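Scope of the values below: all heavy atoms of this structure, side chains included, with no hydrogens, waters or symmetry mates. Source: prediction; values computed, not measured.
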Amino acid sequence: LRDITERKRMEAEIADQLAFTRNVIDTIPNPIFVKDSEQRYTMFNKAYEDVYGLSREQWIGKTVMDFNLLDEETRKGYWDKDAGLLANGGQYQDETEVQFADGELHSVLQWGTAYDLADGTIGGIVGVTVDITEQKRAERSIREREECIRSIVEIAPDAIISIDGQQNITMFNSMAEEIFGYAATEVIGQPLTMLMPETSRSVHPQEVDKFLTEEASARSMDQRREIFGRRKDGTIFPAEAGISKLELDGQIIFTTFFRDITERVKMEQAIRESESQFRSLFEDSPISLWEEDYSEAKQYIDELRNEGVDDIERHFEQNPDAIEKIASLIKIIRVNQATLDLYKAASEEELYGSLGQVFTEQSNLNFTAQMIALADGATSYNGETVNCKLNGELFDCIVDVSIAPGYEDSWAKVFVSIADVSQLKELERQLAIANERMSTELNFARDIQISMLPLIFPAFPDRKEVTIHAALESAREVGGDFYD
């Protein structure tokens, strides 16, 4: 007889480690694959199956050359790159387009990294795919918006009329000529009221004077009444109009925008952003991963249930100390290097000793929502919050919590991933900056036009004032959100 207790223990540890690895990679939402030294697939996570519509059982042992979602040239390219990794080590990164199982073409970033065996030889390749389709769409949207604004400045599809502090017309663009039927030379120097019906002439100057004292730099002109304009031939037409003001060299310049309601064109603004974070195995994952033990927290919640607490959410609202108690019962088993890098911690000990600094008030609200979800039977949770690095820098993040399979009753093994989505917020900030820059360019273009008018249009002798019916309506409908 031979005592095989130690062998059995080691086999159990290996089985546990394999199960742990599987749980980790299945928790990561980005597609991950592992290939052996012959470039055969040996493992991929659930996200890989879902995204590409593959079955582990069908694809284990096959190579990228069997991957029909990619064209032959692309497959050959990946084969050659993987061969280079297997021969020389290192990693590669590619941006390409791949057809997913949904039939759509997605923009993706793909990483491939060679991994070493215990003896130091290259054992295969680990790869990660990150879908950046939404990010690409957002980038295109920013570029398209900039081009749109530039085009609007160049072609001026609406009547744009500027007046000075005395409310005399100083600029009258070609679309204004078309809408009102006047040549610019006929109206420059004349009061804006010549483009309004007599019923509006006494009201409009008062409205402009009132607008001059307001903090707002632009507003619609149809907030209290309907707006109408009067063409040179006496035709009355409904219009949408707005007014903005700009102080230039100590002088106030007003600009009004007119549009015939029948020509209404509404501009759509649809900017979508999404985060794209690459992930890998627990220790080498580029995102923050935490393995935690929630078992004592689960026991505490079960005790509350046994004491007659049916509404956990309401109990937490009435007893904030209950959430603090639960937080103190959660044990952190381990974190990966990406977590230390993310939080600027030199070691796990430094991070664990600074959790009070890491978690903000918003983090506490997110944690409360998380515990309510788990207490109500959910096995996973996703939420957005704000955390703090040890250097004091705040960052936006997405928190994913998943109870590992087989631990639903005890919560003894819970995986938490924290993805920094500050890039998404930065993209929103860049969009705001782009809008601000385009608005500045528009005002600058207007200033140049206004400054050139005295050189282009000579003054006309006094003439009898023409009776005009005019009205103004909202800036939004005159030029869309461009003129707001």
Discussion item. Show the nearest heavy-atom pair for residues Met43 and Ile60, with the distance to one decimal.
Written reply: N-CD1, 3.6 Å
Item to complete: Using the six-membered ring of Tyr41, assess whether NZ or CZ of Lys35 lies under 6.0 Å from its centre and within 45 degrees of the ring axis.
Response: yes
Item to complete: Could you please spell out the steps behind the side-chain contact (heavy atoms from CB on, under 4.5 Å) verdict for Val34 and Ile125?
Response: CA-CA 6 Å; Val34 180; Ile125 298 169; over 6 Å; no
Response to the item:
Rounded to the nearest 0.5 angstrom, the CG-CD1 distance for Leu374 and Ile301 is 7.5 Å
Item to complete: Applying side-chain hydrogen bond (donor to acceptor under 3.5 Å, both in side chains), run through Thr255 and Ser162 and close with a yes or a no.
Response: CA-CA 4 Å; Thr255 302; Ser162 291; 3.1 Å; yes
Practice prompt. Please say whether more than 12 non-hydrogen atoms of neighbouring residues, nucleotides or ligands are located less than 6.0 Å from NZ in Lys62.
Written response: yes
Discussion item. Once you measure the plane-to-plane angle for Trp290 and Tyr343, does it fall in the parallel (<30°), tilted (30-60°) or perpendicular (>60°) bin?
Written reply: perpendicular
May I have the list of side-chain donor-acceptor pairs in residues 84-94 shorter than 3.5 Å, sequence neighbours left out?
residue, atom, partner, partner atom, Å
Asn88, ND2, Gly84, O, 3.4
Gln91, OE1, Thr113, OG1, 3.2
Tyr92, OH, Asp82, OD1, 3.0
Gln93, OE1, Trp111, NE1, 2.9
Asp94, OD1, Lys81, NZ, 2.6
Asp94, OD2, Lys81, NZ, 2.3

Item to complete: Show your reasoning for whether side-chain contact (heavy atoms from CB on, under 4.5 Å) applies to Thr339 and Leu351.
Response: CA-CA 9 Å; Thr339 300; Leu351 177 63; 3.7 Å; yes
Discussion item. Please find the pair of heavy atoms, one from Ile398 and one from Val421, that lie closest to each other, and give the distance.
Written reply: CG1-CG1, 3.6 Å
Worksheet item: In terms of heavy-atom contacts, does CZ of Arg334 have more than 12 from other residues, nucleotides or ligands at under 6.0 Å?
Response: yes
Fill in: All pairs passing side chain to side chain donor-acceptor pair (under 3.5 Å) where residues 301-310 contributes a residue, at least two apart
Lys298-Asp302
Worksheet item: Between Ser363 and Asn366, does a side-chain hydrogen bond (donor to acceptor under 3.5 Å, both in side chains) hold up when you go through it step by step?
Response: CA-CA 5 Å; Ser363 302; Asn366 180 273; over 6 Å; no
Discussion item. According to salt bridge (Lys or Arg N to Asp or Glu O under 4.0 Å), who are the partners of Asp102, at least two apart in sequence or on a separate chain?
Written reply: none
Worksheet item: Is the side chain of Glu393 donor-acceptor paired with the backbone N or O of Cys388 at a distance under 3.5 Å, no angle test?
Response: no
Item to complete: Indicate yes or no for a side-chain donor-acceptor contact from Thr360 to the backbone of Val386 under 3.5 Å, with no hydrogens or angles considered.
Response: yes
Discussion item. Could you measure the distance from the CG atom of Asn364 to the OG1 atom of Thr385? Nearest 0.5 Å is fine.
Written reply: 8.5 Å
Discussion item. I'd like to know whether CD of Glu361 has more than 12 heavy-atom contacts from other residues, nucleotides or ligands below 6.0 angstrom.
Written reply: no
Practice prompt. Run the numbers on Asp400 and Tyr381 for side-chain contact (heavy atoms from CB on, under 4.5 Å), then give the verdict.
Written response: CA-CA 6 Å; Asp400 284 286; Tyr381 170 82; over 6 Å; no
Worksheet entry | Chi angles and distances behind the side-chain hydrogen bond (donor to acceptor under 3.5 Å, both in side chains) call for Glu49, Asn45 | CA-CA 7 Å; Glu49 290 184 291; Asn45 66 348; over 6 Å; no
